[in-house]
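Positions are given from 1, in the same order as the sequence printed here.
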Amino acid sequence: KQEYHDLVRVLTDKLKDLARFEIIPTYRQKESFGDMDILMDNRYRQEVRAWFQKIQCPLHVNGNVDSVLYVDFQLDLIFTHPTEIDMALAYFSWGDLGNLMGRVFHKTGFKYGHKGLLFLVKSGHYQFAEIPVSTDMRKILEFVEYDYDRWLKGFDAQEEIFEYVASSPYFNKK
């Protein structure tokens, strides 16, 4: 855990002048880390790649994610449009929270993800379109009756994340 937090400080110092980035937070009591997820402004993807290649870090590309082995630690650089970084950070933060909340929203006919809240236009199982509804986290969370102020505080443990997800009246216990 300490090595992870030390690496956060080192990378923050090294990357701060290269591109806008956000290290995605996880629950605070997490004891071990298999990788580090970092949101990056996609306008600087080539410069970021070049920097890691210059210091001879192995790189694997999978869509908008570059996985880099840096000091024997895997970094997943998630390249995102600059206007979507804040929303993506909200969605990806706190481990599985965004994914679990996305399931609650899906049951209401919406999609919650790294681009915000979208309305799904469907006929049966065929989806015609996704209509953007909001990227305002307060409005998104209040839509399914999540406590925005609680969300702002973040989460110390996985149990808190599960309790938060289950706090919506739209949560299906099954």
Side-chain angles (χ1 to χ4, degrees), residues 8 11-12 15-16 18-28 30 35-49 59-68 74-155 158 160-174:
V8 166
L11 284 169
T12 298
L15 295 174
K16 69 182 176 192
L18 193 57
R20 176 174 178 210
F21 68 94
E22 298 285 346
I23 296 175
I24 299 172
T26 188
Y27 58 95
R28 291 181 275 269
K30 187 170 184 174
D35 65 2
M36 182 185 300
D37 296 327
I38 306 173
L39 282 172
M40 305 284 302
D41 183 329
N42 68 4
R43 294 175 297 178
Y44 302 99
R45 190 171 194 175
Q46 294 309 319
E47 291 90 338
V48 171
R49 279 184 179 169
L59 177 88
H60 175 75
V61 177
N62 185 11
N64 68 321
V65 178
D66 287 2
S67 293
V68 178
Q74 180 174 320
L75 308 177
D76 289 332
L77 310 174
I78 305 166
F79 288 91
T80 305
H81 191 278
T83 62
E84 296 173 351
I85 288 177
D86 292 334
M87 187 64 237
L89 181 63
Y91 176 74
F92 289 126
S93 291
W94 313 116
D96 292 326
L97 178 62
N99 181 23
L100 295 170
M101 287 188 346
R103 294 168 189 258
V104 173
F105 281 99
H106 187 76
K107 293 293 183 187
T108 65
F110 289 82
K111 177 180 179 181
Y112 169 67
H114 65 279
K115 293 186 177 195
L117 186 63
L118 309 170
F119 177 71
L120 304 177
V121 181
K122 298 169 87 173
S123 176
H125 293 294
Y126 184 77
Q127 181 178 313
F128 292 98
E130 297 177 342
I131 300 171
V133 176
S134 182
T135 56
D136 180 323
M137 278 307 291
R138 179 181 294 276
K139 291 178 182 177
I140 290 171
L141 294 174
E142 289 175 352
F143 180 72
V144 290
E145 300 180 41
Y146 282 123
D147 182 343
Y148 176 74
D149 293 326
R150 170 64 190 95
W151 176 81
L152 279 178
K153 293 177 185 175
F155 302 88
Q158 282 185 314
E160 290 179 5
I161 292 168
F162 299 145
E163 289 168 3
Y164 186 78
V165 172
S167 71
S168 169
Y170 297 95
F171 175 76
N172 181 341
K173 292 182 191 325
K174 291 181 184 179

message: Can you give me the closest heavy-atom contact between Asp41 and Phe79, atom names plus distance?
response: O-CD2, 3.9 Å
message: How close do Asn42 and Pro82 get, counting heavy atoms only, and between which atoms?
response: OD1-CD, 3.6 Å
- request: Supply the atom-to-atom distance Thr12 OG1 to Glu22 CD, rounded to the nearest 0.5 angstrom.
  value: 9.5 Å
message: Measuring from atom CZ of Arg49 to atom CG of Leu59, what distance do you get when rounded to the nearest 0.5 angstrom?
response: 6.0 Å
query: Under 6.0 Å from the OH atom of Tyr170, do we count more than 12 heavy atoms belonging to anything else shown?
result: no
query: When you measure from the side chain of Asn64 to the backbone N and O of Ile78, does any donor-acceptor pair fall under 3.5 Å?
result: no
- prompt: Under a 4.5 Å cut-off applied to non-hydrogen side-chain atoms, are His106 and Leu120 in contact?
  reply: yes
- request: Verify the neighbour count for atom CZ of Arg28: are there more than 12 heavy atoms of other residues, nucleotides or ligands below 6.0 Å?
  value: yes
- prompt: Any idea which heavy atoms bring Phe105 and Val144 closest together, and the distance?
  reply: CZ-CG2, 3.4 Å
task: Apply side chain to side chain contact (heavy atoms under 4.5 Å, CB included) to Tyr91 and Asn99, showing your working.
output: CA-CA 8 Å; Tyr91 176 74; Asn99 181 23; 4.2 Å; yes
- prompt: Is the NZ atom of Lys30 crowded by more than 12 outside heavy atoms at less than 6.0 Å?
  reply: yes
query: Which atoms form the tightest heavy-atom contact between Glu160 and Arg150, and what is the distance?
result: OE1-NH2, 3.1 Å
field: Any Leu75 side-chain heavy atom under 4.5 Å of Leu11 side chain
entry: yes
task: Mind checking the CD-CE spacing from Glu142 to Met137? Nearest 0.5 Å is all I need.
output: 10.5 Å
- prompt: Can any side-chain N or O of Tyr112 pair as donor or acceptor with the backbone N or O of Leu141 at less than 3.5 Å?
  reply: no
task: Could you go through the side chain to side chain contact (heavy atoms under 4.5 Å, CB included) check for Ile161 and Asp96 one step at a time?
output: CA-CA 8 Å; Ile161 292 168; Asp96 292 326; 5.6 Å; no
Heavy-atom check, side chain of Leu100 versus side chain of Trp94, under 4.5 Å: no
field: Residue pair Met40 / Arg45, side-chain heavy-atom distance below 4.5 Å
entry: no
- line: Separation between OG (Ser134) and CG (Leu118), nearest 0.5 Å, reads 10.0 Å
message: Rounded to the nearest 0.5 Å, what separates atom CZ in Arg103 from atom NZ in Lys111?
response: 13.5 Å
query: Asp149 versus Arg138: any side-chain heavy-atom pair under 4.5 Å?
result: yes
message: Working note: Leu39 + Phe92, criterion side chain to side chain contact (heavy atoms under 4.5 Å, CB included); need CA distance, chi angles, decisive distance, verdict.
response: CA-CA 9 Å; Leu39 282 172; Phe92 289 126; 4.1 Å; yes
field: Shortest non-hydrogen separation from Met87 to Gly113 and the atoms involved
entry: CE-O, 3.9 Å
message: As an exercise, state the distance from OG of Ser93 to CD1 of Ile23, rounded to the nearest 0.5 Å.
response: 11.5 Å
Any side-chain heavy-atom pair of Leu77 and Phe21 under 4.5 Å: no
- prompt: At their closest point, which heavy atom of Ser167 faces which heavy atom of Tyr146, and how far apart are they?
  reply: OG-CD2, 3.5 Å
Flag side-chain contact, heavy atom, 4.5 Å: Met101 against Ile140: no
